[in-house]
Structures are given as C-alpha cells and as structure tokens.
K.L.:
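Here it is, the structure in full.
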Amino acid sequence: MSATPTPDSSPILRQREGDIVTVVLNRPEKLNAFTIDSWRLLGDTFLDLDADDSVRCVLLRGAGEKAFSPGNDISEFETARSNKRQAVEYGAVMRRTIEAIGNCRHPVVAQIHGICVGGGMEIASLADIRICGESSRFGVPIKNLGLVMSYSELAPLVRLVGPSAALQVLLEGTIFDAQEALRLGVVTRVAPDAQVAEEARAAARRIADGAPLVARWHKKFIRNLVSGKALSDADRDEAFDCFDTEDFRTGYQAFLAKAKPQFNAR
C-alpha cells in the first residue's frame, strides 16, 4: 500500500491501494482523539476524495487497534472551546467535516477497533458500512462534561438509530458493548477483534469491484429518501440513467458471458 507524501506526524493520513483509499485518524498516543486541526484536515481529505472519480471506496479507521477515536481531545477545551464564541467557530469546522463525509459520493467503510465514543462515534456513524470488533465500546457520555451535541453532530446518530434510541444514548450517557451497538444499529456487523481489518478490507473490495456509478447513485437516492425530499419526475427518471452507461453494458454483457465484470466507467 503506497501512502501520499503526507508526513506520518500528520493527524490524518491517506493511503491508497488501487481504487481503495484508507483514511487514518492518526494520533495513537491520544487514542486518535480529535483536535481542531484533525477535524479540519479530515474535512479537507474527504472533499478531495469526493472530487476524485478514480476512487471507488474509502476505508476510515483509527491508527493502531486500541481505538477508532474517543472523540475530542479534552485538553484542547481550555484554549479552543472555552466559551460560546470559540465553540461556534470550532463547531463550524466540525460541521464542514461532518458534511464532507456524509455527502461523499463514494462508499465509506468504517473499520472500528476498540474505543469509539463521543466524536469518534459521530464520525463512524457517517460511514455507509460500520464493522467493529467484539471488544469495541461505544457511547456519547458528554452529559458528564456539560456539553450538548449540535444539530450537525446529532443528525447522523438520529438517522442511524432513531430519536428514541438517540435520546437513550445521550441522556443515560452509558458506554455500551459491540452487541448493543449492533442491536441499536450503530454498527453494521461485529467481527472477532483479530478479523476486523480483514472484514473491513473485504467489504471495501466487494464495493470497489461493483459498478462505481451505481454505488454513487444508490448513496444519492437513499439520502434523498431519508431526507424526506419531495421527488420530482426528473428525480425519479434519474434512476434509469444507468441504462445509458458503460457500467450497465459491461455488467449485463459479463453476466451473459458468465464472466466477472470489469467496470471502467468513472
């Protein structure tokens, strides 16, 4: 796997293997806790990837196997989030990143090891597929910090688990295990700890082997449905645009030939 020239000391790393890009939350000494620089660079990274038609899947993970992320670095609060003015500015950076990940055209797979709480769970919730280990732990115990989740932070969680379960998670503030996360819908599936990376890579490979235009359309259509957007006739007709694509011709011809399709469309 070849990495971009981003220094290893960067809080966000980008690694590429063909059409799959791995984005790494890279503060292992702090269990990959977020700073404002982490949030900003993560947003920059996803905006850049979204514009790259050669990408077919993004794999998002934390450095090491102790944690995906425990959320924001609390030590930064005194300097960067000590009052409302600072918090609004910080929140704008977070919102930009949350929207960049949530609106990414390409499928996103979260590879979750260990701790995934607070802002870490917010980020993981934005992925399309979320795979964790049996020992992973989740929760949003910010009630103990006297903090409120903003609307942009709340939205991914509410979409995943619904308003009632989201309130349970926030009001009780408990840390729960992988099986409870699976029951609530926080994760897509649970794997043995030693197999999380393998499972996540396999999922990314299955996605990347599929028709890339189809994956982007499915993401777009589901976002439209979940948002409650009133669909126009043009919106509905867009579902048939695929019939004029190289992806479609490649797919059905490979099926008739009993061969594996090799999609080239971008």
Side-chain angles (χ1 to χ4, degrees), residues 21 23 39 42-58 60 88 90-110 119 121-131 140 148-171 181-189 203-204 206-208 210-252 263 265-266:
V21 176
V23 176
W39 281 105
L42 184 61
D44 291 344
T45 299
F46 267 87
L47 288 171
D48 187 38
L49 292 175
D50 180 65
D52 186 344
D53 286 341
S54 68
V55 176
R56 296 197 182 179
C57 187
V58 180
L60 179 60
V88 169
Y90 199 114
V93 175
M94 292 177 64
R95 178 181 177 182
R96 173 178 176 268
T97 296
I98 288 168
E99 291 178 352
I101 300 172
N103 294 329
C104 183
R105 293 182 302 150
H106 314 301
V108 180
V109 176
M121 196 171 100
E122 293 171 19
I123 290 296
S125 296
L126 293 161
D128 303 299
I129 295 176
R130 302 161 304 282
I131 301 171
V140 189
V148 172
M149 285 179 75
S150 67
Y151 282 105
S152 57
E153 297 172 85
L154 273 172
L157 179 62
V158 174
R159 282 196 298 267
L160 273 186
V161 305
S164 180
L167 276 171
Q168 173 189 315
V169 168
L170 291 166
L171 295 180
L182 181 64
R183 187 187 72 80
L184 290 174
V186 173
V187 296
T188 310
R189 58 182 177 269
R206 285 191 293 270
I207 291 168
L213 297 178
V214 169
R216 294 169 198 164
W217 267 317
H218 279 153
K219 285 197 64 169
K220 178 181 179 180
F221 294 167
I222 289 173
R223 278 200 301 266
N224 286 344
L225 288 171
V226 171
S227 71
K229 172 185 175 181
L231 299 177
S232 67
D233 288 342
D235 290 326
R236 295 180 184 279
D237 288 348
E238 187 181 6
F240 304 104
D241 285 355
C242 60
F243 287 90
D244 288 335
T245 66
E246 181 184 343
D247 276 358
F248 171 64
R249 289 185 288 275
T250 297
Y252 86 78
F263 295 105
R266 294 181 179 180

K.L.:
Kindly indicate whether the side chain of L160, heavy atoms from C-beta on, has any atom under 4.5 Å from the side chain of R130.
P.N.:
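Side-chain contact under 4.5 Å: yes.
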K.L.:
How long is the span from the CG atom in L47 to the CG atom in D52, to the nearest 0.5 Å?
P.N.:
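Result: 13.0 Å between the selected atoms.
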K.L.:
Decide yes or no on side chain to side chain contact (heavy atoms under 4.5 Å, CB included) for V214 and F263, but give the supporting numbers first.
P.N.:
CA-CA 11 Å; V214 169; F263 295 105; over 6 Å; no
K.L.:
Are D247 and C242 close enough that some pair of their side-chain heavy atoms sits under 4.5 Å apart?
P.N.:
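When only atoms from C-beta onward are counted, C242 and D247 do not touch, as no gap falls below 4.5 Å.
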K.L.:
Taking D48 for the side chain and D44 for the main chain, is one N or O donor matched with an acceptor at less than 3.5 Å?
P.N.:
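Absent.
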K.L.:
If you define the side chain from C-beta out and look only at heavy atoms, does anything of I123 sit under 4.5 Å from W39?
P.N.:
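Sidechains of W39 and I123: in contact.
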K.L.:
Go through the steps for L170 and V148 under the test side chain to side chain contact (heavy atoms under 4.5 Å, CB included), then give the verdict.
P.N.:
CA-CA 9 Å; L170 291 166; V148 172; over 6 Å; no
K.L.:
Can you tell me how far the CD1 atom of I98 sits from the OG atom of S150, to the nearest 0.5 Å?
P.N.:
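Nearest 0.5 Å value for the CD1-OG distance: 5.5 Å.
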K.L.:
Got a second to check how far E153's CD is from S125's OG, nearest 0.5 Å?
P.N.:
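Atom-to-atom, E153:CD and S125:OG are 11.0 Å apart.
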K.L.:
Using the side-chain hydrogen bond (donor to acceptor under 3.5 Å, both in side chains) rule, collect all pairs that involve residues 154-169, keeping only residues at least two apart or in two chains.
P.N.:
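Qualifying pairs: none.
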K.L.:
Less than 4.5 Å apart, side chain to side chain, heavy atoms only: is that true for V186 and V169?
P.N.:
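Counting from C-beta outward, V186 and V169 never come under 4.5 Å.
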K.L.:
Going from CG on D244 to CG on L213, what distance comes out if it is rounded to the nearest 0.5 angstrom?
P.N.:
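Answer rounded to 0.5 Å: 12.0 Å.
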K.L.:
Side chains of L49 and V23, heavy atoms from C-beta outward: is any pair under 4.5 Å?
P.N.:
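Touching, per the 4.5 Å side-chain cut-off.
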K.L.:
Provide the closest heavy-atom pair for P163 versus V158 in the form atom of the first, atom of the second, distance.
P.N.:
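That would be N-CG1, 4.1 Å.
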K.L.:
E246 vs R249, test: side chain to side chain contact (heavy atoms under 4.5 Å, CB included). Steps then yes/no.
P.N.:
CA-CA 5 Å; E246 181 184 343; R249 289 185 288 275; 4.1 Å; yes
K.L.:
If you look at every heavy atom in V161 and G185, which pair is closest and at what distance?
P.N.:
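Nearest heavy atoms, V161 then G185: CG1-C, 4.3 Å.
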K.L.:
Is the closest basic N to carboxylate O distance between D235 and K220 below 4.0 Å?
P.N.:
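Looking at K220 together with D235, the answer is no, because their closest N to O distance does not fall below 4.0 Å.
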K.L.:
Which heavy atom of R223 sits nearest to which heavy atom of C104, and what is that distance?
P.N.:
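The answer is NH1-O, 3.8 Å.
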K.L.:
According to the interplanar angle, ranging from 0 to 90°, do the rings of F248 and Y252 count as parallel (below 30°), tilted (30 to 60°) or perpendicular (above 60°)?
P.N.:
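If you compare the ring of F248 with that of Y252, the planes turn out tilted.
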K.L.:
Using side-chain heavy atoms (C-beta onward) and a distance below 4.5 Å, is I207 in contact with D128?
P.N.:
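Answer no - side chains too far apart.
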K.L.:
Counting only heavy atoms from other residues, nucleotides and ligands, does the tally under 6.0 Å from CG of D233 exceed 12?
P.N.:
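Not buried by this count: 12 neighbours or fewer within 6.0 Å.
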K.L.:
Between L126 and V108, is there a side-chain heavy-atom distance shorter than 4.5 Å?
P.N.:
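They are not in contact (no side-chain heavy atoms under 4.5 Å apart), so the answer is no.
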K.L.:
What distance do M94 atom CE and E122 atom CD have between them, rounded to the nearest 0.5 Å?
P.N.:
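Rounded to the nearest 0.5 Å, the CE-CD separation comes to 5.0 Å.
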K.L.:
Within a reach of under 6.0 Å around CZ of R96, are more than 12 heavy atoms found that belong to other residues, nucleotides or ligands?
P.N.:
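Correct, the count exceeds 12.
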K.L.:
Do D53 and R216 have side chains that approach each other closer than 4.5 Å (heavy atoms only, starting at C-beta)?
P.N.:
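A side-chain contact exists here, since the closest heavy-atom pair is under 4.5 Å.
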K.L.:
So, does R105 use its side chain to make a donor-acceptor pair with the main chain of D50 at under 3.5 Å?
P.N.:
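Between the backbone of D50 and the side chain of R105 there is a qualifying donor-acceptor contact (under 3.5 Å).
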K.L.:
Atom CD1 in I129, atom CG in L60: separation rounded to 0.5 Å?
P.N.:
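The distance works out to 13.0 Å.
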